[in-house]
Amino acid sequence: MVNRAFLSWFLYLLVTLPGAAQTWRELPADKHASTRTLALYRNLKTSSARGILFGHQDDLAYGVGWKYQPGRSDIRDVTGDYPAVYGWELGRLELDHPVNLDSVPFDRMREFIREAYRRGGVITISWHLNNPLTGKTAWDPAPGTVASVLPGGASHDRYCSWLDRVAAFLHSLRGDHGEPIPVIFRPFHECNGSWFWWGGKNCGADEFIRLYRFTESYLRDQKQVHNLLYAYNTDRFGSREEYLERYPGDEWVDVIGFDIYQRGTDTARFRADLDHSLGILEALAAEKNKLPALTEFGYGGVPDSTWWTGTLLKAIAPHHIAYALAWRNAGSRPDGSSEFYVPYKGQASAADFVLFSRNSRMLFQRAATGMALYRDP
């Protein structure tokens with residue numbers, strides 16, 4: 001039976017304090033989130049009205065033809081400004097390695113994160129964790145892996161020890177005054193694809209949801225990590241139903257997003273697919289009170305010299321999303337080619353990227369600094 005005193009009090013709040021329910025809705029998944037994490041969450045809710053924060057993976061660590069040069073960034077070389085969002089990767093941290101799977105030392109990563117945060121930039125972190133059942137990479141889709149990770153499974157204790165290392169790293173991210181640096185954490189990304197052990201046909205939707213919820217609960221409740229906003233993201237999708245198939249639930253998610261890459265030269269098809277998916281994402285974000293984002297995107301080598309304004313901008317500018325993160329500029333490959341997803345100085349699309357960066361809808365570091373995203377709104 002419902003306690004009548006409680007029910008009367010609750011109804012009183014709804015009638016006399018109409019902002020109370022909305023205030024609760026403005027809390028992130030972690031109801032004990034740190035002060036600056038809460039401020040970032042609330043400010044990102046309104047920042048999309050001004051524009052889209054532009055991000056880049058590993059931006060400060062390396063670029064095409066350089067590595068670990070203080071203050072350098074391919075985006076800054078081209079535009080004169082840093083990105084507003086900085087993506088980083090934790091893969092191999094679970095193994096206690098000193099460097100991640102992209103060769104970035106975790107000690108350096110920590111300092112890069114502090115540097116970006118000091119400027120008012122936003123930090124997002126992904127995790128291509130090894131397969132805990134086989135010990136192979138994240139791309140080893142061995143049957144039964146997710147089931148083995150869940151409580152009672154053969155790999156559960158190992159996985160918890162990996163989360164302990166992740167928690168220790170996240171706890172170590174501190175600002176100049178010792179405050180925890182907020183992070184948008186996106187575990188188990190591209191979960192509708194089958195290339196990772198946690199995705200697609202490699203586990204059932206229920207198993208994935210249990211894995212996501214356990215991971216978040218362990219970090220938040222067991223390890224007391226309170227500087228995270230949690231992102232759920234798929235790869236390409238075509239419908240609302242497909243996107244939500246593995247959705248962990250409103251109470252577990254702060255950011256909803258997806259990853260999409262252009263493959264081949266059909267820019268019209270890519271633009272249409274991106275626009276369509278962003279429309280679905282925006283509607284879901286409004287319905288569920290979440291932050292929509294383009295969590296990862298790119299066109300390898302950017303061979304189209306007008307791709308930024310002619311394709312990407314036309315697809316994303318009409319939409320109100322919090323941020324868009326381009327993938328990394330890995331640079332030289334053993335075969336002599338070069339891997340990059342934003343232009344470097346002199347690259348064919350560099351001039352167009354400058355025009356793209358000057359569009360009023362695109363926000364880079366100077367804009368983010370002026371928005372004071374870590375200050376209470």
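Every heavy atom of this structure was used, including side-chain atoms; hydrogens, water molecules and symmetry mates were not.
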E115: partners by salt bridge (charged side-chain N to carboxylate O under 4.0 Å, His left out), with sequence neighbours left out: R119

Cationic N near anionic O, under 4.0 Å, K345 to D77: no

Geometric class of the F237/F258 ring pair [parallel <30°, tilted 30-60°, perpendicular >60°]: perpendicular

Test item: N359 side-chain N/O and F356 main-chain N/O as donor-acceptor pair under 3.5 Å: no

Rounded distance (nearest 0.5 Å) linking atom OG1 of T309 with atom NZ of K314: 7.0 Å

Residues that D352 engages under salt bridge (charged side-chain N to carboxylate O under 4.0 Å, His left out), provided they are two or more places apart: none

Shortest non-hydrogen contact from P248 toward Y232: CD-CD1, 3.5 Å

Remaining members of the apolar cluster that contains L101, side-chain heavy atoms under 4.5 Å: none

Parallel, tilted or perpendicular, as decided by the 30° and 60° cut-offs, for the rings of F196 and H128: perpendicular

Exercise: identify the closest heavy-atom pair between I125 and L90: CG2-CG, 3.4 Å

Transitive ILVMFWY cluster of L133, excluding itself - 4.5 Å side-chain cut-off: none

Parallel, tilted or perpendicular: ring planes of F214 versus Y159, cut at 30 and 60 degrees: tilted

side-chain hydrogen bond (donor to acceptor under 3.5 Å, both in side chains) against R246, all qualifying residues, sequence neighbours excluded: none

Smallest separation among heavy atoms of E207 and C203, with atom names: OE1-CB, 3.4 Å

Residue list, side-chain hydrogen bond (donor to acceptor under 3.5 Å, both in side chains) with R213, at least two apart or on another chain: none

Shortest non-hydrogen contact between W252 and E216, atoms and distance: O-OE1, 2.6 Å

Other residues, nucleotides, ligands: >12 heavy atoms within 6.0 Å of H171 NE2: yes

Salt-bridge contact R328-E89 (side-chain N to carboxylate O under 4.0 Å): no

